[in-house]
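Have a look at the structure below, then the notes.
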Amino acid sequence: MTPTTTVTFPEWRGKSLDDALLECRDQVESPDFETVNRWRDAGGKVAGHFQVSFPEEIIHAAGMLPFKVRGAPTEPDLADSHFGSYLCSILKTSLELALSDRVQFDMFVSHPICDAARNLAAIWGRNFDYPCQILYLPQNPNSAGSVDYLRHEYDRIRRVVEEVAGREISDDDLAHSVAVFNENRRLMRELYDIKREQPWLIAAEDAYALVSLAGMIPREEHNELLATLLPQIRERSTKQEDRIRVVFEGGFCEQPPFDLIRMLGRTCYVVDDDFHIGMRWITSDVDTQGDPLRNLAEAYIEQSSYSPVQHDDRKPKEKMLIARINEARADAAILAAAKMCEPGLEEQVTYTHALDDEGIAYFVSEFEENMTSFSQLEMQVETFVENLLFA
Amino acid sequence: MSTLEDTHELVGRGNIEGAALFRDWFAELGETAKTGGEAAYVFVMGSCNEILKTFDLPVVFPEITSLQTAVRHVAHELLEEAEDYGYSPDICGYVKADVAVQLRGGDHPMGRLPKPTISVLTNACNTYIKWAEIWERMYGTPMYTIDVPGTRQAGGQTWAGNADFEADRKYVEVQLRELITVCEQVTGKSFDIDKFRDILGHANTMTRCWSRMLELNSARPSVFNALTDGTIYLGVANGFRGTEEGARYFERLVEEMEYKVANGLGQDMDEQYRLLFVGVPCYPIFRRFNELFSEWGGTFVNSTYLWFASGGTNRGFEYDLNDPLASLAEGMLVSVRDAMDSMFHQDTVLEQMIADHHADGVIYHPIKSCRTVSTGLADGRRSLTEKTGTPSLFIESDMMDRRVVSEAQMKNRIDAFFEGLASRRQMAQAGPKD
């Protein structure tokens, strides 16, 4: 069996919608990333790329599996001594995956999204022999030089990937991968349409699981999964309930615990969010004609979402959040930040002031991927929701 | 031939003149604030002072103004004010102190700070970007980010002539040209290339002197304290970069240090252990922190701080005055990249420093406030220990927040470290056991 024909996640196939979603949740909740290991066991190579955004098409075009490194619900037993205090959890648990061999990589790439994460490639490089690279995505997307620069940077990373993969990546390979990912982006947009328009049809944690899987199975498989399940979700007969509609903001890097999302979904409809926003960074189809690397670079700059880790004069984040809330017809926002996440915590201040000005209700909270107790938080959220419902 | 008179005139001159320049600088800022004049807010890693001075823009370094509040023991009040405003205890203390100063209308212990007319930053620290966004929202200040691509993989730096390097250089140059346009719009002045060339000339003098000064401290005994004296020199190197006063100051500083080396005049103590400092100083107890080491005869002979907080001036890049803008782009690329390397790949930097400066130990000081500098230190220390076996100490505190500075705990650990160094030295002198 060649890696490209490897099925890494067969468990959902042939099952009812509810059972298929249960399998999806189980995969996402597991710290073992079994799908990635199945890919490797079949002889495939794995490129880990840390949050937030990465041009996965380049890895895909080389026949490798792009794995979104997003930490894990596990303790950093081996990684802890490689870090000091005052750091977010995702750094430690991500390295833990590699140190513990729970996931084996052939290369690792990070982007300087924040002061902590930009150290990650150097730390990784001191501990592993495979290429540990930084992809310098433009921090000045408003410069006239940013697309040319990014095109060259993508080409540079293409050369690194070629060396790891042991094969050339042609423009045709890339164009094919762009088409596969365009289809994936279209399906993810459809999922979010359902969340916005008929949120009672899919639980918050199920929608999250479907998105999260994109970063741990081949995209063709993910396309098939979404193409099969989304029509079934639309056909559900679940009744709409009297719940408030919220936007969750703060899941761009470290992911909130699955149970926290489940808890939110019990009390509100999460009609939009920034969970794994990097895998949904490009908001419309990337051109498949012409130079694929330039097309990807232009899409990154011109057809993209927002997050606290990118400054773009055209996208003030508080205005983007308000637009997200309005487009989703949300009643309120959950403004969360991972503990010790500097960009997230800084943005919370801006968001609260902007939402105050707009008269939009919000709930502020911090989370950590490893937190296990939610009773107090749940009570606070319920109180917040009741205040809105019975105001 | 040196005389006692020479010694009196020269030794300590750099600190006195540095303090005077600092007072002049803050007086200028106070005057600017009073008259409502224009000012640029910039940062130590890639300040672009060369361009801003061409437009006669006074510069505020918020990192420096913030650290001054800690040294002057008022930072805690400012941190609490910013936290009341909404900022988490877990984010950078420099940012929070500055926010509070801005909320107080620029009221700072060293005088009033002008509001930012423009902010210029690099990506060398991500918090620079978040920080400038605060002024953008507070005042509508235009911010310009010079995005400087850094080292992609340990040891993978490229240089002039390499296609990847040239792509990076071109990107930086495009941005510098855009910055000039923004400065022209903000100040209403045209860019004067000849004045710019003069400024680059002064910057070259300062760069040469900075490199020489670091080199001179490899002397035994060392001639300046990289932690305490070095912070004064850093202030001048940043605030006066590209100015005639700055160039003159550093020429005279090198003269002082060369005199001290020639005459075997070290720091004002008996140098027992030569140490390297990694991280950012503990400003809330700045003098006392140093004393915890000097009481044992420990002297700081170099630091990664003198490298990255000088924006990589240690790299020694000098501008080609015949092609000033392209050369500034190359200089920024090489120097800011080097500053980032001093933080992220500090283990390889330290290997060289240990050899060049005959260091007996390395003091790691990761801090809550700065994850850029601190995140990789524990892992870097493991690596350095494996490669060199050099004794090291790892003490965590903060550069601003006295709530996480415990002097008693620090002293215990520092004392134990020196006892270990002494025991190691005794064992080495005793020779191998049969």
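What you see is a predicted model; the values in this text were computed from it and never measured.
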Looking at B:Arg371 and A:Tyr86, what are the two nearest heavy atoms and their distance? NE-O, 2.8 Å
Charged N to carboxylate O below 4.0 Å: is that the case for B:Lys96 and A:Glu342? no
Atom pair CD (A:Glu153) and OH (B:Tyr171), whose distance is rounded to the nearest 0.5 Å: 10.0 Å
Could you check whether any side-chain heavy atom of B:Lys130 comes within less than 4.5 Å of a side-chain heavy atom of A:Glu347, counting everything from C-beta outward? yes
For A:Asn140 and B:Tyr144 the tightest heavy-atom approach is ND2-OH, 3.1 Å
Between A:Gly145 and B:Glu178 the two heavy atoms that sit nearest each other are N-OE2, 4.3 Å
Measuring only between side-chain heavy atoms, which start at C-beta, is A:Glu346 closer than 4.5 Å to B:Val95? yes
B:Asp347/A:Arg126 ion pair, N-O < 4.0 Å: yes
Measure the CG-CD distance between B:Asn126 and A:Gln310 for me, rounded to the nearest 0.5 Å. 12.0 Å
Distance only, no hydrogens: is a donor on one side chain within 3.5 Å (strictly under) of an acceptor on the other, for B:Gln175 and A:Ser143? no
Where does A:Leu150 contact chain B at under 4.5 Å (heavy atoms): side chain, backbone, both or neither? neither
Let me know if A:Arg151 has heavy atoms under 4.5 Å from chain B in its side chain, its backbone, both or neither. neither
Could you walk me through whether B:Asp164 and A:Arg156 pass salt bridge (charged side-chain N to carboxylate O under 4.0 Å, His left out), step by step? CA-CA 8 Å; B:Asp164 292 337; A:Arg156 188 190 65 75; 5.4 Å; no
Is it the case that the side chains of B:Thr375 and A:Arg118 hold a donor-acceptor pair, with the cut-off being a distance below 3.5 Å and no angle test? no
Nearest non-hydrogen partners of A:Gly84 and B:Ala378, listed with the distance: N-CB, 4.1 Å
So, taking the atom named CG in A:Asn142 and the one named CE in B:Met143, what distance separates them when rounded to the nearest 0.5 Å? 9.0 Å
Check whether A:Gln348 gets within reach of chain B through its side chain, its backbone, both or neither, counting any heavy atom under 4.5 Å. neither
Please find the pair of heavy atoms, one from A:Asp148 and one from B:Lys170, that lie closest to each other, and give the distance. OD2-NZ, 4.2 Å
What I want to check is whether the side chains of B:Thr372 and A:Asp115 have a donor and an acceptor closer together than 3.5 Å. yes
B:Tyr85 versus chain A, the contacting section by heavy-atom distance below 4.5 Å: both
Which atoms of A:Thr352 approach chain B - backbone, side chain, both or neither, heavy atom under 4.5 Å: neither
Would you kindly say whether B:Asp147 and A:Tyr149 are connected by a side-chain donor-acceptor distance under 3.5 Å? no
